[in-house]
Each structure stands twice: as C-alpha cells, then as structure tokens.
Amino acid sequence: MSGVILKKPKGPADWLRLYRLYREAFPASERKPFGIIVKMHRQGKTDVWSVERDGRFAGLAATINGDGLVLLDYFAVECHLRGQGVGTAAMAALQSQYRDRGLFVEIERTRTPSQNQSERLRRKQFYLTAGMAELGTEANVFGVDMELLGSRCKLDFEGYRAFYRDNYGPWAAEHITPVEQEE
C-alpha cells in the first residue's frame, strides 16, 4: 500500500494521538506507563513512530533498540483502518527502517489454549505474512507465555534474556523464564 510512512512525533497533538491509540489497543496488563516510553524515546533507547497513511494518523509503533536487535514492543493500527493493508505497509516500512539490524516481536504463545486463541492465530499470521519468521524461541515473560517471530535475526532463549538484561536491566531479565512444557 502506498502512502504509508513512519514519522517521529513532533508535538503534543502527535503524542496525544499515540497515547489514545496505545490506551485503546492494549489491555492495562500489557501497558508500561506511557511516560516511561516517552522518556526512553527521548534517551534514544526507544523509537516511537506515528504511522501515517496519506498524511493522516493511522497507527503507532514503538521499538526497543538494542545492539544489532530491535524489539517491536508495541504495534497498533487504528481500528477503522484494520484489514486495509495499513499494518502490512507499516511493517514493511519498519523492516526498511531497521534493515541493518534484526527486528523481532513477542506474541502470545499460540500453542497455549486460551480464550482468545483465534485472535492469537490471526496476529501470528499477520506477522508471518508481513515477513517475519518463527524463531523457535518461547519464554514466559512476566507471567505470560510468549513466542518470538523475527526478521533478519536468530534469537535463542539466552540471547532473548540477555536482550532484556542489556536494555531493561537485571531485574527484567529475571522475569524471563523458560516456558513450562505441557505433559
């Protein structure tokens, strides 16, 4: 889809649009305090992107930038624009933006039975269609079983835990544990 670009927020109106979508798109249990995201962005540890289509706000992306690896920490498209190719085009723009580094994303584990199983499978299919691949790495992240998908990277469990240690500190790394396997 042409007309989709990534832009850094410039002023209060941009940040407000990002904040509103962030609050709408992610449950409270998955959200960091937004002020931490803004602070990390100002420190250069995080990139926050406004996704725009044809000059209008369409979504958000927030990354955690490590050495050689970038975690797509939050990604959302305005609900009325979903299913129109905006997300796929934004993912292509992100992969281009970070073409010199590996890009990965955490998704809720699809092999764990859940109430939102179809949503998890749709999300995984979206990322696979958008150029990500299964990395074969799973972890329990702050109590939630996750699997990793990535582009231009390999990331095993220890490398993943090290990413958290290096970018969030030892306390965060302690909350990355192996997934308990079903019997």
Side-chain angles (χ1 to χ4, degrees), residues 1 4 21-32 37 46-47 49 51 58-66 68-99 101-168 172-183:
M1 164 178 277
V4 173
L21 179 56
Y22 178 72
R23 298 260 319 177
E24 172 193 308
F26 302 100
S29 62
E30 294 179 16
R31 292 190 310 252
K32 296 177 185 75
I37 294 170
T46 297
D47 286 330
W49 298 102
V51 176
L60 75 88
T63 64
I64 304 297
N65 304 325
L69 284 173
V70 175
L71 167 62
L72 179 55
D73 200 24
Y74 293 99
F75 181 71
V77 171
E78 289 274 30
C79 61
H80 68 279
L81 297 174
R82 292 178 191 153
Q84 298 179 29
V86 173
T88 302
M91 283 300 300
L94 286 163
Q95 289 174 342
S96 177
Q97 177 68 34
Y98 300 109
R99 66 185 158 276
R101 293 182 268 173
L103 178 67
F104 73 100
V105 64
E106 307 156 322
I107 62 169
E108 289 175 300
R109 189 169 184 249
T110 56
R111 287 177 281 286
T112 302
S114 68
Q115 296 276 339
N116 68 338
Q117 191 70 16
S118 62
E119 180 182 320
R120 290 179 182 194
L121 291 168
R122 275 194 315 275
R123 184 176 298 120
K124 182 175 185 175
Q125 188 57 49
F126 164 76
Y127 285 115
L128 293 173
T129 301
M132 298 289 210
E134 293 186 56
L135 297 179
T137 301
E138 298 180 343
N140 184 282
V141 182
F142 293 92
V144 179
D145 288 347
M146 305 292 263
E147 59 186 273
L148 303 183
L149 306 175
S151 174
R152 294 178 313 283
C153 64
K154 293 181 181 177
L155 193 57
D156 63 12
F157 176 80
E158 289 306 322
Y160 178 56
R161 182 184 275 171
F163 181 89
Y164 265 80
R165 183 193 62 238
D166 296 347
N167 294 286
Y168 290 108
E174 291 173 11
H175 291 85
I176 309 298
T177 59
V179 169
E180 293 184 23
Q181 300 299 320
E182 295 91 24
E183 309 248 341

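Atom CD1 of residue Ile64 and atom CG of residue Leu69 lie 12.5 Å apart, to the nearest 0.5 angstrom. Here the straight-line distance linking atom CD1 of Ile37 with atom CG of Asp73 works out to 6.5 Å at 0.5 Å rounding. With rounding to the nearest 0.5 Å, the separation of CD in Gln84 from CD in Glu78 is 11.5 Å. In this structure, CZ in Arg123 is found 13.0 Å from CG in Leu128, a value given to the nearest 0.5 Å. Summarising the geometry, atom CD belonging to Glu134 is positioned 14.5 Å from atom OH belonging to Tyr127; distances are rounded to the nearest 0.5 Å. The CG atom of Leu72 lies 7.5 Å from the OG1 atom of Thr63; values are rounded to the nearest 0.5 Å.
The neighbour count for Lys32 NZ, taken as heavy atoms of other residues, nucleotides or ligands under 6.0 Å away, is above 12.
Aromatic ring orientation, Phe75 versus Phe126: parallel (interplanar angle below 30°, classes split at 30° and 60°).
Put simply, the side chain of Arg165 never gets that close to the backbone of Ala173: no donor and acceptor are under 3.5 Å apart. A distance-only check finds no donor-acceptor pair linking the side chain of Thr137 to the backbone of Leu148 [under 3.5 Å]. Under the 3.5 Å distance criterion, the side-chain polar atoms of Arg82 are matched with a main-chain donor or acceptor of Val77. The closest donor-acceptor contact from the side chain of Arg120 to the backbone of Arg109 lies under 3.5 Å. Not one N or O on the side chain of Glu119 forms a donor-acceptor pair closer than 3.5 Å with the backbone of Gln115. In this structure, Glu147 contributes its side chain and Thr110 its backbone to a donor-acceptor pair below 3.5 Å.
Cys153 and Phe104 make their closest contact through SG-CB, 4.1 Å (heavy atoms, listed as atom of the first residue, atom of the second, distance). When all heavy atoms of Arg161 and Ile176 are compared, the closest pair comes out as NH2-O, 2.6 Å. Smallest separation of non-hydrogen atoms from Met132 and Leu149: CB-CB, 4.0 Å. Of all heavy-atom pairs spanning Ala76 and Leu21, the tightest one is O-CD2, 3.7 Å. Contact record, Ala58 with Val86: CB-CG1, 3.9 Å, taken as the closest heavy-atom pair. Summarising the geometry of Phe26 relative to Arg31, their closest heavy-atom pair is O-NH1, 2.7 Å, with the distance given to 0.1 Å.
Looking at residues two or more places apart in sequence or on another chain, you find a ring-ring contact (aromatic ring centres under 6.0 Å, His included) between Tyr164 and Tyr160, Tyr168.
The side-chain hydrogen bond (donor to acceptor under 3.5 Å, both in side chains) pairs that include a residue from residues 87-96 are Ser96-Arg99, where partners are two or more places apart or lie in different chains.
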Output, in order, the C-alpha distance, side-chain angles, deciding distance and verdict of side-chain contact (heavy atoms from CB on, under 4.5 Å) for Asp145 and Glu138.
CA-CA 7 Å; Asp145 288 347; Glu138 298 180 343; over 6 Å; no
Walk me through whether Gln97 and Asp47 qualify under side-chain contact (heavy atoms from CB on, under 4.5 Å).
CA-CA 11 Å; Gln97 177 68 34; Asp47 286 330; 5.5 Å; no
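Looking at Ser114 and Glu108, their side chains never come closer than 4.5 Å, going by heavy atoms from C-beta outward.
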